[in-house]
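To start, the structure itself, in structure tokens.
Here the structure is a predicted model, which means the values were calculated and not measured. Whatever order the structure lists them in is the order used to number ligands and atoms, beginning at 1.
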Amino acid sequence: MNEAVIHFHPAGKLAALVGNPNAGKTALFNRLTGSRQKVANYAGVTVERKEGRLQLDGDKTVRVLDLPGTYSLHPRSPDERVTCDVLRGQAVGEKRPDLVVCVVDATNLRRSLRLVLGVKRMGLPCVVALNMVDLAASRGIRIDADALAGELGVPVAQTVAIDGDGDAALRDLLQRPDVWRRPDAAAVDAPVADSDQPDHETVRAILRRLNLDHVAPHLPSDRIDRVVLHPVFGPLLLAVLLFFMFNAVFAWATPMMDAIKAATGWVGQVITGLLPEGVLRSFLVDGLVAGVGGVIVFLPQILILFLFILVLEESGYLPRAAFLLDRLMGGVGLSGRSFIPLLSSFACAIPGIMATRTIANTRDRLVTIMIAPMMTCSARLPVYALLIAAFIPQRKVGPGLELQGLVLFGLYVAGVVGSLAVAWVLKRFAGGGEVRALMMELPSYHMPRARNVLMGLWQRAQIFLHRVGGVILTLTVLLWALASFPGPPEGATGPAIEYSIAGMLGKALAVVLAPIGFNWQISIALVPGMAAREVAVSALGTVYALSGEGDAANALTPLIAQSWSLATALSLLAWYVFAPQCLSTLATVKRETGGWKWPLVMAGYLFALAYIAAFITYRAAVALGAG
Ligand SMILES: Nc1nc2c(ncn2[C@@H]2O[C@H](COP(=O)(O)OP(=O)(O)OP(=O)(O)O)[C@@H](O)[C@H]2O)c(=O)[nH]1
Ligand SMILES: [Mg+2]
């Protein structure tokens, strides 16, 4: 996104955090630099380099890079390549680091130390942050840090990246000028260079000398996995969990949504009471309150969805779900590797597409990118929620089960099924290649920290409100203007909007969209919905407010419930399952695939699918009497 900026190297030292995936690099980075990068309990969270500043005593600052995790210095996937390029001084726009901080997972020294040996051989000054010592201690693993430092020939600081001052020892180390000094050539390999033995032999010898060569099993995680990864209970649990999540989106949000609705309604009424009828009042009430207020109301539902996603991410469940779904994904020619990028796309396709950088196989990566927009991103949630609230009765279908939640779940499933079908087709025509077995690390389960989850929710709320105040507000205002001008001619009978630019455009579009049951109001709303999907909702609010049909500022839901047929609503839902992704997604696809070809193919096929799905849905619904 922001990689096109011109890089000039600010003066000052540069330290890079390097280590295996999920070792806690980003948690440590956040601690050192006061940043808030995403931390989660699975491998492959960080896929780009991120920069921060560490303040040392005496007004000194150090630039710190957080890098994607890597298992070795022979990169296999695009994210690992980023790290290796930085270490070799080949990264575009970045100098070679002055110091490498090897972040080592104290519970998994065997694997981590091999990477340390590799980094050391590159001849860069290097220190080890022995992280997760709290977890190691709780499993009875005690590591003598000084002895380890002696074995490796580099300073070692013990850290607990999730504790308040868990980075103190590392900070102290970075204060010392001697750790920044380049080792002289002869010392690079000492004292572990006493033989030609391969690194894993060296590591084994070190662990033996430190009395750490027994593997500490992690019993609680293993016990949990006996259920979670069980061939029958595992998938069942996953299905129940996902269903519970969508149910909660409706079941828990109502009180907060009602409060927000009441507040926006009140604001609309106050403005109507204060201002005389005219352009300003129309702008405020029909444009801002009806449009933007109509979107804000969905904040609680978005937060509930993210609450679940954050807890799943932090607990360590996600890679297990990937494992469970590996067979299913194998059926369409993808591996479980694609699962986490696809799951991230439920938040937004953009981070999902970025997360495909962890996929080593180029073709798998491309197919995953192409289907990522079919996962229901959170911007679609307002559209779904609006239509479900308007057309699906609030009814219990079982203990704790709402019909509305069931329908929402079904829409998410429809997106997933559609995407799997497309993946299957793409793999067939793109020459599938064999599917390799999934190799993925299962981290130990962590109790999600309330602080992290709340912080994540707060960030989500900020992102959403920024969208509301930015792109959604801008487009709503623009739409209000297009829908208000030019005014109606003398003696016009219909509502003024029908004579406006937007009205005429909508009617022209409706010619194409009538076969799938869309009226001109929907047709108008779809256009700005391309920039940000939620705008489709705010646009409907504005369009209906300006049409003077009822009180759209306060209640869009009952209004569309009255004026649309069920078939139209279902057709619009089907449209949005596939709806061509927003423009920023297309821009991301262009960047990640290096050209316009794939984003254009994507836009084309999703438009076609959306139209076909809506057409079939509409015709079937009409045939069944829902027209
Ligand atoms: N108990 C404990 N948990 C930690 C510690 N450091 C990190 N974690 C947790 O470990 C998980 C992984 O942390 P991240 O910082 O995302 O790991 P990363 O090395 O950046 O991982 P990638 O970006 O995937 O390479 C998260 O759930 C953290 O909360 C620690 O010292 N102790
Ligand atoms: Mg990270």
Partner of Asp199 by salt bridge (Lys or Arg N to Asp or Glu O under 4.0 Å), out of Arg110, Arg121, Arg114: Arg121
Evaluate side-chain contact (heavy atoms from CB on, under 4.5 Å) for His446 paired with Leu135, printing each intermediate quantity in order. CA-CA 10 Å; His446 293 189; Leu135 282 182; 3.7 Å; yes
Just need the protein heavy atom nearest to atom 21 (O) of ligand 1, so name the residue and atom and give the distance. Asn22 N, 3.0 Å
Closest approach of any protein heavy atom to atom 9 (C) of ligand 1, naming residue and atom: His446 CE1, 3.6 Å
Is the distance from the Mg ion (ligand 2) to some N, O or S atom of Gln37 under 2.8 Å? no
Within Thr46, is some N, O or S atom less than 2.8 Å away from the Mg ion (ligand 2)? yes
Mind checking whether [X] has an N or O less than 3.5 Å away from an N or O of ligand 1?
{"X": "Asn131", "answer": "yes"}
{"X": "Asn452", "answer": "no"}
{"X": "Thr46", "answer": "yes"}
{"X": "Ala161", "answer": "yes"}
{"X": "Ala43", "answer": "no"}
{"X": "Val160", "answer": "no"}

Name each donor-acceptor pair under 3.5 Å that joins a side chain in residues 16-23 to protein atoms two or more places apart or in another chain, with its distance.
unit_1, atom_1, unit_2, atom_2, d
Asn20, OD1, Arg111, NE, 3.2
Asn20, OD1, Ser112, N, 3.4
Asn20, ND2, Thr70, O, 3.0
Asn22, OD1, Tyr42, N, 3.2
Asn22, ND2, Asn41, OD1, 3.0

So CD1 of Ile206 and CZ of Arg208: to nearest 0.5 Å the spacing works out to 10.5 Å
Under 4.0 Å, heavy-atom basis, I'd like to know which part of [X] is in contact with ligand 1: side chain, backbone, both or neither.
{"X": "Val45", "value": "both"}
{"X": "Asp134", "value": "side chain"}
{"X": "Ala40", "value": "backbone"}

For [atom], tell me which residue out of [options] has the closest non-hydrogen atom.
{"atom": "atom 24 (O) of ligand 1", "options": "Pro21, Gly24, Gly69, Gly44", "value": "Gly44"}
{"atom": "atom 29 (O) of ligand 1", "options": "Glu314, Arg449, Met132", "value": "Glu314"}
{"atom": "atom 4 (C) of ligand 1", "options": "Thr83, Leu130, Ile162", "value": "Ile162"}

Donor-acceptor contacts, no H, no angles, side chain residues 167-174, under 3.5 Å, sequence neighbours left out:
unit_1, atom_1, unit_2, atom_2, d
Asp167, OD2, Arg171, NE, 2.9
Arg171, NH2, Leu32, O, 3.3

Under 4.0 Å from a heavy atom of Leu135: which atoms of ligand 1 are those, numbered in the order shown and with their elements? 1 (N)
What I want to check is whether the side chains of [X] and [Y] have a donor and an acceptor closer together than 3.5 Å.
{"X": "Arg53", "Y": "Thr33", "result": "no"}
{"X": "Tyr412", "Y": "Arg380", "result": "no"}
{"X": "Thr159", "Y": "Asn131", "result": "yes"}
{"X": "Arg139", "Y": "Ser444", "result": "yes"}
{"X": "Thr358", "Y": "Asp79", "result": "no"}

Please confirm whether Tyr42 approaches ligand 1 to less than 4.0 Å, judged on its heavy atoms. yes
So, 4.0 Å and heavy atoms of Ala23: is ligand 1 close enough to count as a contact? yes
Answer with yes or no after comparing the ring centroid distance for Phe308 and Trp252 against a 6.0 Å cut-off, counting only values under it. yes
